[in-house]
There are 2 protein chains.
Amino acid sequence: MHASKKAIPPSVVKRLPKYLAYVQALCLEKVEWVSSNELAEQLGLTSSTVRQDFSYFDFSGISKRGYETIGLQNMLINILGVDTAWQVVVVGAGNLGRALALHEEFPRRGFNIVGIFDKDPTKLGMKVGALDVKPMRELPTVIGRHKVNMGIVAVPAVAAQSVADLLIVAGVKGLLNMALTHIVAPDTVSVIDSRIVASLLELSHSVSFSR
Amino acid sequence: MHASKKAIPPSVVKRLPKYLAYVQALCLEKVEWVSSNELAEQLGLTSSTVRQDFSYFDFSGISKRGYETIGLQNMLINILGVDTAWQVVVVGAGNLGRALALHEEFPRRGFNIVGIFDKDPTKLGMKVGALDVKPMRELPTVIGRHKVNMGIVAVPAVAAQSVADLLIVAGVKGLLNMALTHIVAPDTVSVIDSRIVASLLELSHSVSFSR
DNA sequence: TAGATTGTTAATCGATTAACAATC
DNA sequence: TAGATTGTTAATCGATTAACAATC
């Protein structure tokens, strides 16, 4: 099941989605080979970093030609764990939650949104694509029935931790946190911050302090 | 204008938004002091990291008490450059673009969305809160008139680079990229990837490979 | 005063880059 | 063959943690 024995360092994992996106585009264009140099230029890295990163995979390039795009694509898909689909719920049916539930890129990449929840009674039953907004008390049932393993927390900061706790109790193993708050979770559960607001603040800093 | 002479390392800047969010919550609760230890516990860091981070600011704590919350909040606001409001446009009026244009957290944190654009003629004129969707050709005018300095790129991957180029030509100094593609920009322009899709892929990896 | 907590230096750890032999 | 490009080792760089004197 696992592509390689040794764990891949976090810094490398963070770059894998961009490699995948670029390599998939090449595959669509029927390009068969790609060099570490081209990847580096296109993704703003050095070729050294690219080759170092790929050394963690059970996958080799060929001198003078580079890496075979389809093989590389498959390897990345396997390592990223997107060779089978994931079932995901969204908690929070505000503008952002609803948009994420409808975001076409998610199912296209193997993330099926199977439920959207909100605690606000006035939102219940509201149609969001094929789904309708369900009350929080139905969260455990839906998670159990659809074998949901990830949850997207799209609620205001003050509610983020308690929603995360509900998702964790219900058995979810990964959380995507849209709020700027820090979420605490046992280390059997991975939490990744989406950093939308944080990114704007970072931008604000770098725009302010560049000459 | 600038809070400190020496540049703050990127690793530190990335943590500032979370410090700010936590300290603002404390200020609302009228808590006056916070220790490096409490911050570390709440944000999943070590107290050493917290003190090291704060050493880049013109701001000191006091032995036995810690850091004064209001002063720390002001310092973070200043360093992050959110002591004055920013004008922002959104390009792409799909589900995600519209949700971001309506996201209450942005104006609350000083990011005013002053325009939303799409190249799809069927979307033109569509109401998004107080705004209506404008054609791409009006981008430069709106950017000039409102002194817009940031753009949110919420279009499909294939269009991301060309939209970024238009925004850059129109004079924007910071880009928030919602797509998974890499965007190339001159180094007078900062680009930050929002990593929504990338985060789900990262989660997928870590959920797959945790025992 | 005694003890808690800062600020800072030094040590460790991890990530990136450089360099180059191996190879196609 | 000659030259381009990989894979890998070693060097550099940066970020995190440990430790502790200074201080309130």
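Lettering follows sequence order; numbering is per chain, from 1.
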(message) For a 4.0 angstrom threshold against heavy atoms of chain B, report the outermost contacting nucleotides of DNA chain D in 5' to 3' order.
(response)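 Going 5' to 3' along DNA chain D, contacts run D:dA15 to D:dC24.
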(request) Toss me the dot-bracket line for DNA chain C: Watson-Crick and G-U wobble, both under 3.5 Å, 5' to 3', using | for pairs to another strand and [ ] for crossers. (result) ..||||||||||||||||||||||
(message) On DNA chain C, compare the nucleotides closest to A:Ile62 and A:Pro9; which residue's is nearer the 5' end?
(response)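 Per heavy-atom nearest nucleotide, the more 5' residue is A:Pro9.
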(request) Assign each of A:Arg65 and B:Arg65 to its nearest nucleotide of DNA chain C by heavy atoms, then name whichever residue's nucleotide is nearer the 5' end. (result)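 First, find each residue's nearest nucleotide; the 5'-ward one identifies B:Arg65.
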For [X], report the nucleic acid contact type (base, sugar-phosphate, nothing); a contact means any heavy atom under 4.0 Å.
| X | value |
| --- | --- |
| A:Ser48 | base |
| A:Thr46 | sugar-phosphate |
| B:Ser35 | sugar-phosphate |
| B:Phe54 | nothing |
| A:Ser47 | nothing |

(message) Nearest 0.5 angstrom please: A:Leu45 CG to A:Asp53 CG, how far?
(response)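 A:Leu45 atom CG to A:Asp53 atom CG measures 7.5 Å (nearest 0.5 Å).
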(message) Working to the nearest 0.5 angstrom, can you tell me the gap between B:Leu175 CG and B:Lys173 NZ?
(response)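 B:Leu175 CG to B:Lys173 NZ: 10.5 Å, rounded to 0.5 Å.
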Name all residues meeting the side chain to side chain contact (heavy atoms under 4.5 Å, CB included) criterion together with [X]; count only those two or more places apart in sequence or in a different chain, and write none if there are none.
| X | value |
| --- | --- |
| B:Leu131 | B:Ile113, B:Ile116 |
| B:Gln52 | B:Ser55 |
| B:Arg108 | B:Glu104, B:Glu105 |

Check: residues 64-71 of chain B side-chain donor-acceptor pairs under 3.5 Å, at least two apart:
| unit_1 | atom_1 | unit_2 | atom_2 | d |
| --- | --- | --- | --- | --- |
| B:Glu68 | OE1 | B:Gly71 | N | 3.3 |
| B:Thr69 | OG1 | B:Val31 | O | 2.7 |
| B:Thr69 | OG1 | B:Glu32 | O | 3.3 |

(message) I'd like to know if the side chain of B:His205 reaches the main chain of A:Val13, judged simply by a donor and an acceptor atom lying under 3.5 Å from each other, with no hydrogens or angles considered.
(response)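 Such a contact is absent between B:His205 side chain and A:Val13 backbone.
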(request) Could you tell me whether A:Asp118 and A:Lys134 make a salt bridge, using a distance below 4.0 angstrom between a side-chain N and a carboxylate O? (result)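 No salt bridge links A:Asp118 with A:Lys134.
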